[in-house]
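Written out below as structure tokens is the structure these notes cover.
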Amino acid sequence: MDDIITVSGLTKDFGDLKAVDNIDLKVRKSDVFGFLGPNGSGKTTTIRMLCGLLTPDSGSGQCLGYDIVKESSEIKKHVGYMPQYFSLYKDLSVIENLRFVAKLYKVENYEDRIKEVMGDFGLTSRMGQIASNLSGGWKQKLTLAACLVHNPALLLLDEPTAGIDPRSRRDFWDIIYDLSKDGLTTLVTTHYMDEAQRCNKLGYISFGKLLIEGTEQKIIDSLDLKTYLVTGNVVDISIELRSVIGIDVVAFGLSLHVSSPYEEKIITALRPYASKKDICISKIDSSIEDAFIYMVGDNND
Ligand SMILES: Nc1ncnc2c1ncn2[C@@H]1O[C@H](COP(=O)(O)OP(=O)(O)OP(=O)(O)O)[C@@H](O)[C@H]1O
Ligand SMILES: [Mg+2]
């Protein structure tokens, strides 16, 4: 089975709010699919529908070959779901939490399996530690370990690296790659662009609608954005450029990215600064962050 997730028309309303609006999604075996979008755009709601925790108002499809509406209990057995907020028992130790999950999923020879995952995640020396006393990075490792105890075929990870330091984030991604090589499929939400670039496919959701989907390069190419890099004394320029209609201006450290599908708009906007000695302007390739900012910007209609 190559298609791990195939859903179409997925929709969920909360009262008057359309939290997820007619989403079609396809995720293939071994994909590391990055699911991105602003706060409140519908990522968590989509994930909860995919793993059978929430029933869609409309839409249909399959996850791991099971019907997302009629066979949600089967899906739950084969999915490792890492919720956005720490969800294990804070008063239980590392090993007690893992035992609890293993029993819940009726894992055979679970003591052996727990030893294995604790070894994989460096948790063995901390097995007696109470979960609430673990640092954020170790809590994240424990949660991921708990997701894997029952050998799921699909991981649904909701902002797994929020608030985690760079070293722990790198370790986390190394684990995800290793699992992907072994055939595990992952759908992961993140707000970090460096993490988006680690995914082999991306989807971008805004106001419940999936605006674009594909590889990083396909998304960048399809928007046909032009981007200019402005470096030097950019503080005042940044304020002035932000008032120009039809271009997006994003600060990257001490430089600016100025993007638009209409190159002449950028050129006109930058012309007053082109001759300034303390300013340097050059055309660059658009990044995925430029693309996403354009998609949710006010300038793209
Ligand atoms: N159970 C609920 N009842 C009512 N409204 C809800 C419920 N769950 C989510 N919402 C609303 O649906 C919208 C989408 O929420 P969701 O949590 O899916 O967004 P998100 O993309 O995961 O956001 P974030 O990046 O902040 O985690 C939001 O406006 C949210 O307030
Ligand atoms: Mg969320």
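Every number for a ligand or one of its atoms is a count from 1 in the order of the listing. Being a predicted model, the structure only gives us computed values, none of them experimental.
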Check for a donor-acceptor pair, side chain of Ser238 on one end and backbone N or O of Val234 on the other, with a separation under 3.5 Å.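 No, Ser238 side chain to Val234 backbone: no donor-acceptor pair under 3.5 Å.
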Check [Y] with [X], please: is the shortest side-chain N to carboxylate O separation under 4.0 Å?
{"X": "Glu195", "Y": "Arg198", "answer": "no"}
{"X": "Lys26", "Y": "Asp3", "answer": "yes"}
{"X": "Arg99", "Y": "Glu111", "answer": "yes"}
{"X": "Asp221", "Y": "Lys218", "answer": "no"}

Walk me through whether Lys226 and Asp224 qualify under salt bridge (charged side-chain N to carboxylate O under 4.0 Å, His left out). CA-CA 7 Å; Lys226 315 292 182 287; Asp224 200 23; 3.4 Å; yes
For ligand 1, which atoms have a heavy atom of Ala19 less than 4.0 angstrom away?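 Result: 12 (O), 13 (C).
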Considering the heavy atoms of Ser41, write down every atom of ligand 1 situated less than 4.0 Å from one of them.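 Reading through ligand 1 atom by atom, the close ones are 19 (O), 20 (P), 21 (O).
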On a heavy-atom basis, I'd like to know which of Thr45, Val20, Ile47 is closest to atom 15 (O) of ligand 1.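 That would be Thr45.
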Could you check which of His191, Gln84, Lys43, Arg48 puts a non-hydrogen atom nearest to atom 20 (P) of ligand 1?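 Checking each option, the heavy atom nearest atom 20 (P) of ligand 1 is found in Lys43.
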Any non-hydrogen atom of [X] lying under 4.0 Å from ligand 1?
{"X": "Glu159", "result": "yes"}
{"X": "Gly37", "result": "no"}
{"X": "Pro38", "result": "yes"}

Nearest protein heavy-atom contact for [atom]: which residue, which atom, what distance?
{"atom": "atom 19 (O) of ligand 1", "answer": "Gly42 N, 3.2 Å"}
{"atom": "atom 17 (O) of ligand 1", "answer": "Thr44 CB, 3.6 Å"}
{"atom": "atom 3 (N) of ligand 1", "answer": "Phe14 CD2, 3.5 Å"}
{"atom": "atom 26 (O) of ligand 1", "answer": "Asn39 ND2, 3.0 Å"}
{"atom": "atom 31 (O) of ligand 1", "answer": "Leu17 CD2, 4.7 Å"}

Please state the angle at the Mg ion (ligand 2) spanned by OG1 of Thr44 and OE1 of Gln84: what is it, rounded to 10 degrees?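 Thr44 OG1 and Gln84 OE1 form an angle of 90° at the Mg ion (ligand 2).
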Does Gly40 reach ligand 1 with a nitrogen or oxygen that is under 3.5 Å from one of the ligand's nitrogen or oxygen atoms?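 Right, the criterion is met.
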Let me confirm one number: the CG-CD1 distance from Leu92 to Ile130, rounded to the nearest 0.5 Å.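 CD1 of Ile130 is found 7.0 Å from CG of Leu92.
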Quick one: pull up CG in Leu157 and CG in Leu155 and give me the separation to the nearest 0.5 Å.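 Those atoms lie 5.0 Å apart.
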Does Arg48 form a side-chain hydrogen bond (donor to acceptor under 3.5 Å, both in side chains) with Thr44? I'd like the steps, not just the answer. CA-CA 6 Å; Arg48 289 168 62 80; Thr44 298; over 6 Å; no
